[in-house]
Amino acid sequence: MADKLAVFGGPQAITVNEADAFEWPIFEKEDLETVKIVMSESDYKFYEEAYYLEKEIKKFFEIDYALPVVNGTAALHSALFALGIGYGDEVIVPSYTYWATVMPVLACNGTPVFAESDPGTLNIDPEDIERRITPKTKAIIVVHLCGLPCEMDNIMEIAGKHSLKVIEDCAHCIDSEYRGKITGTIGDIGCFSYQATKLLPGIEGGMFITSNREYYERAVALGHYERLPGLPSDSEYKKYQHTCFGFKYRINPLSAAIIRVQFHKYERINRQRIENLQYLEKELENIKGIEVIRTPAYMKRNYYCFRLKYKREELGGLEIDKFIAALQAEGLETGRERYVLMHKQPVFNERNSLFPWSYNTEKMPGKTNLPVTENLYETILTMPTFTRASKNLVNQYIEGIKKVVANAEELKNFEELNIKDIPDMDWSGFDHPVLR
Ligand SMILES: Cc1ncc(COP(=O)(O)O)c(C=O)c1O
């Protein structure tokens with residue numbers, strides 16, 4: 001008989017109490033120091049931080065153009081604008097992602113067309129991309145979800161065959177690689193986020209990279225009036241220097257400075273997260289009821305977040321919510337997927353004169369059928385990223401999972417199990433630390 005579950009009054013699997021086990025971002029003395037230094041620069045020299053960051057990013061990615069921006073969402077908007085996405089153009093996107101992958105398509109008056117995610121990788125399914133192509137399709141946005149690269153060879157081949165452009169949403173990566181190529185440099189444009197939870201946290205910030213001069217200049221014209229005079233004299237965008245195209249996407253210099261400091265040490269700062277998650281993956285590989293998302297040998301992945309799949313059928317049909325509730329009772333910080341599926345959202349399911357499909361409801365993105373993604377979504381388990389956790393804590397997580405798996409049969413008949421909702425962050429109640 002396996003140990004008694006905590007839900008039945010047994011001892012909890014998690015006994016280690018590590019206050020900083022999941023701490024992120026990790027800011028050290030030099031991060032704070034750099035903010036002070038930048039703030040004390042005179043004559044607006046702090047604006048140069050963006051240019052220093054740009055230079056370092058270009059060198060790292062060995063790419064011709066890098067444009068720091070205010071956040072990852074702005075990078076994606078800039079990318080779509082750079083490609084000339086306009087009214088009625090279709091852009092193929094995953095539904096299983098954060099909203100910023102999809103919503104900038106609307107900002108360009110384009111129509112997002114949702115494609116299925118591959119249950120083996122959680123990433124957009126190349127075969128389904130191809131099925132969704134129409135004469136109106138102009139581009140594909142792929143997301144390397146949680147830091148695992150998409151199947152870029154297949155995606156680039158499809159894009160080439162149909163003359164489509166590819167934007168890589170690299171919000172979850174720094175240096176993931178696909179067959180030796182760094183993500184963000186494989187498609188036409190790469191977009192990164194440096195928001196506080198990200199692997200390279202600048203509190204806010206983003207990056208647009210490309211090797212195409214025209215795309216770079218268009219992105220500059222969209223939101224960087226201050227860079228327009230610096231464009232080459234033959235640039236057709238230089239003349240817009242007094243107006244820009246209506247957006248101001250310049251990165252905050254303080255964020256640029258923090259990102260630079262974090263960039264110099266990202267390997268060290270992320271090491272414990274990677275070691276812990278790779279160990280967890282290995283230890284969970286052969287546990288009934290759990291499927292680990294595998295990394296193919298030809299990829300190097302980052303771990304922005306960590307997801308497992310629950311296999312109900314292997315545990316006698318035990319519902320996922322009961323499984324999670326039992327894990328939570330053991331002290332594990334686990335839950336259901338926190339992203340919502342995009343194609344189910346009201347914005348894609350209502351008539352609204354703002355959107356191109358308004359006069360042709362058949363074309364509403366919300367009418368898309370994504371049975372594979374919807375089934376997959378019901379199986380996702382979230383785990384912490386163990387950024388500073390000891391091996392001891394990771395081992396207790398593994399033991400906690402094994403304990404619940406071993407008691408699945410008993411749990412099945414237990415009715416009073418309620419999953420704890422991990423609440424979304426609510427900023428409204430924040431007490432200002434300085435202006436109190
Ligand atoms: C997949 C994905 N794309 C884009 C973004 C947008 O980045 P930002 O928050 O910097 O605007 C995020 C942010 O969480 C993301 O997760």
Side-chain angles (χ1 to χ4, degrees), residues 1-24 119-120 122 146 272-295 303 305-339 374-425:
M1 173 68 190
D3 280 342
K4 193 170 176 182
L5 288 177
V7 277
F8 298 138
Q12 280 194 315
I14 308 297
T15 57
V16 176
N17 186 6
E18 288 171 11
D20 62 354
F22 311 139
E23 182 186 341
W24 199 263
L122 315 186
C146 304
Q272 204 165 348
R273 170 199 302 249
I274 296 171
E275 280 173 12
N276 278 335
L277 291 175
Q278 285 180 343
Y279 174 72
L280 183 67
E281 273 179 355
K282 194 158 74 52
E283 295 298 311
L284 294 180
E285 194 119 276
N286 297 315
I287 295 184
K288 229 176 26 172
I290 296 287
E291 185 184 324
V292 169
I293 309 298
R294 286 168 210 262
T295 310
Y303 292 92
C305 42
F306 193 76
R307 302 287 184 262
L308 293 167
K309 271 168 42 191
Y310 176 60
K311 306 205 87 174
R312 180 179 178 172
E313 64 286 3
E314 291 181 5
L315 295 184
L318 174 68
E319 292 116 307
I320 185 169
D321 282 357
K322 282 191 179 177
F323 185 72
I324 291 174
L327 290 173
Q328 289 176 340
E330 295 296 333
L332 280 75
E333 289 196 19
T334 176
R336 298 286 297 263
E337 178 55 66
R338 299 189 64 191
Y339 284 163
E374 285 169 25
N375 284 336
L376 166 66
Y377 187 78
E378 295 305 318
T379 69
I380 301 291
L381 285 179
T382 64
M383 283 280 149
T385 46
F386 302 98
T387 46
R388 286 196 152 176
S390 67
K391 194 77 161 286
N392 198 3
L393 181 62
V394 183
N395 276 326
Q396 290 199 342
Y397 265 69
I398 295 161
E399 289 314 311
I401 293 170
K402 284 184 180 166
K403 187 178 165 192
V404 173
V405 167
N407 285 283
E409 200 48 47
E410 201 182 347
L411 270 174
K412 226 167 60 177
N413 307 318
F414 189 56
E415 288 305 323
E416 298 139 46
L417 262 183
N418 289 318
I419 184 166
K420 257 189 290 171
D421 243 358
I422 303 174
D424 260 340
M425 211 177 244

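Given the structure is predicted, the values throughout are model-derived calculations rather than measurements.
- Closest heavy-atom contact between Ile293 and Glu281: O-OE2, 3.9 Å.
- Between Arg294 and Glu285 there is a salt bridge, with a side-chain nitrogen of the basic residue lying less than 4.0 Å from a carboxylate oxygen of the acidic one.
- Taking NZ from Lys391 and CD from Gln396, the interatomic distance works out to 13.5 Å, rounded to the nearest 0.5 Å.
- Between Tyr339 and Ile380, every side-chain heavy-atom pair lies at or beyond the 4.5 Å cut-off.
- Counting non-hydrogen atoms of neighbouring residues, nucleotides and ligands closer than 6.0 angstrom, the CG atom of Asn413 exceeds 12 such neighbours.
- A distance of 4.5 Å separates NZ in Lys311 from CD in Glu291, rounded to the nearest 0.5 Å.
- The shortest non-hydrogen separation linking Leu393 to Ala21 is CD2-CB, 3.6 Å.
- When only modelled atom types and interatomic distance are considered, Tyr303 and Asn276 share no side-chain donor-acceptor pair under 3.5 Å.
- Shown here for Pro384 and Leu277, the closest heavy-atom pair between the two residues is O-CD2, 3.9 Å.
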Check step by step if side-chain contact (heavy atoms from CB on, under 4.5 Å) holds for Lys309 and Leu376.
CA-CA 8 Å; Lys309 271 168 42 191; Leu376 166 66; 3.6 Å; yes
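- Between Met383 and Arg307, every side-chain heavy-atom pair lies at or beyond the 4.5 Å cut-off.
- Glu337 and Thr382 share no donor-acceptor pair across their side chains, judged by distance under 3.5 Å alone.
- Applying the salt bridge (charged side-chain N to carboxylate O under 4.0 Å, His left out) definition to pairs two or more places apart or across chains, those involving residues 374-383 are Arg336-Glu378, Lys344-Glu374.
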Using the side-chain contact (heavy atoms from CB on, under 4.5 Å) rule, take Tyr377 and Leu122 through it: C-alpha gap first, then chi angles, then the decisive distance, then the call.
CA-CA 9 Å; Tyr377 187 78; Leu122 315 186; over 6 Å; no
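- Note on Lys288 versus Glu314: no salt bridge recorded, every NZ/NE/NH1/NH2 to OD/OE distance being 4.0 Å or above.
- Closest of all the heavy-atom pairs between Ala329 and Ala6 is O-CB, 3.4 Å.
- Taking each heavy atom of Asp3 and Asn407 in turn, the nearest pair found is O-ND2, 3.3 Å.
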From CA spacing to verdict: side-chain contact (heavy atoms from CB on, under 4.5 Å), Arg312, Thr379
CA-CA 8 Å; Arg312 180 179 178 172; Thr379 69; over 6 Å; no
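- Side-chain rings of Phe386 and Tyr397 approach one another, their centers coming within less than 6.0 Å.
- Contact check for Glu330 versus Ile401: no side-chain heavy atoms found under the 4.5 Å cut-off.
- A 4.5 Å side-chain heavy-atom check between Leu280 and Phe306 finds at least one atom pair inside the cut-off.
- Geometrically, Arg273 engages Trp24 in a cation-pi contact defined by less than 6.0 Å to the ring centre and at most 45° from the axis.
- At a threshold of 4.5 Å between non-hydrogen side-chain atoms, the residues Val405 and Lys402 do not count as touching.
- In this structure, Ile14 and Leu332 have side chains that are in contact, with non-hydrogen atoms separated by less than 4.5 Å.
- In this structure, Lys322 forms no cation-pi arrangement with Phe414, as its terminal cationic atom is not both closer than 6.0 Å to the ring centre and no more than 45° off the ring axis.
- When all heavy atoms are compared, the tightest approach of Leu327 to Gly400 is CD2-O, 3.9 Å.
- By the 4.5 Å heavy-atom criterion applied to side chains, Ile320 and Leu381 are counted as neighbours.
- Taking the side chain as every heavy atom from C-beta outward, Thr385 and Phe22 never approach each other to under 4.5 Å.
- The residues Glu409 and Lys412 are annotated as salt-bridged, a charged nitrogen and a carboxylate oxygen being separated by less than 4.0 angstrom.
- Side-chain contact, Gln328 with Thr334: no donor N or O sits under 3.5 Å from an acceptor N or O.
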For side-chain contact (heavy atoms from CB on, under 4.5 Å), just list the numbers for Tyr279 and Ile398, CA-CA rounded to whole Å, side-chain angles, deciding distance to a tenth of an Å, and then say yes or no.
CA-CA 10 Å; Tyr279 174 72; Ile398 295 161; 3.7 Å; yes
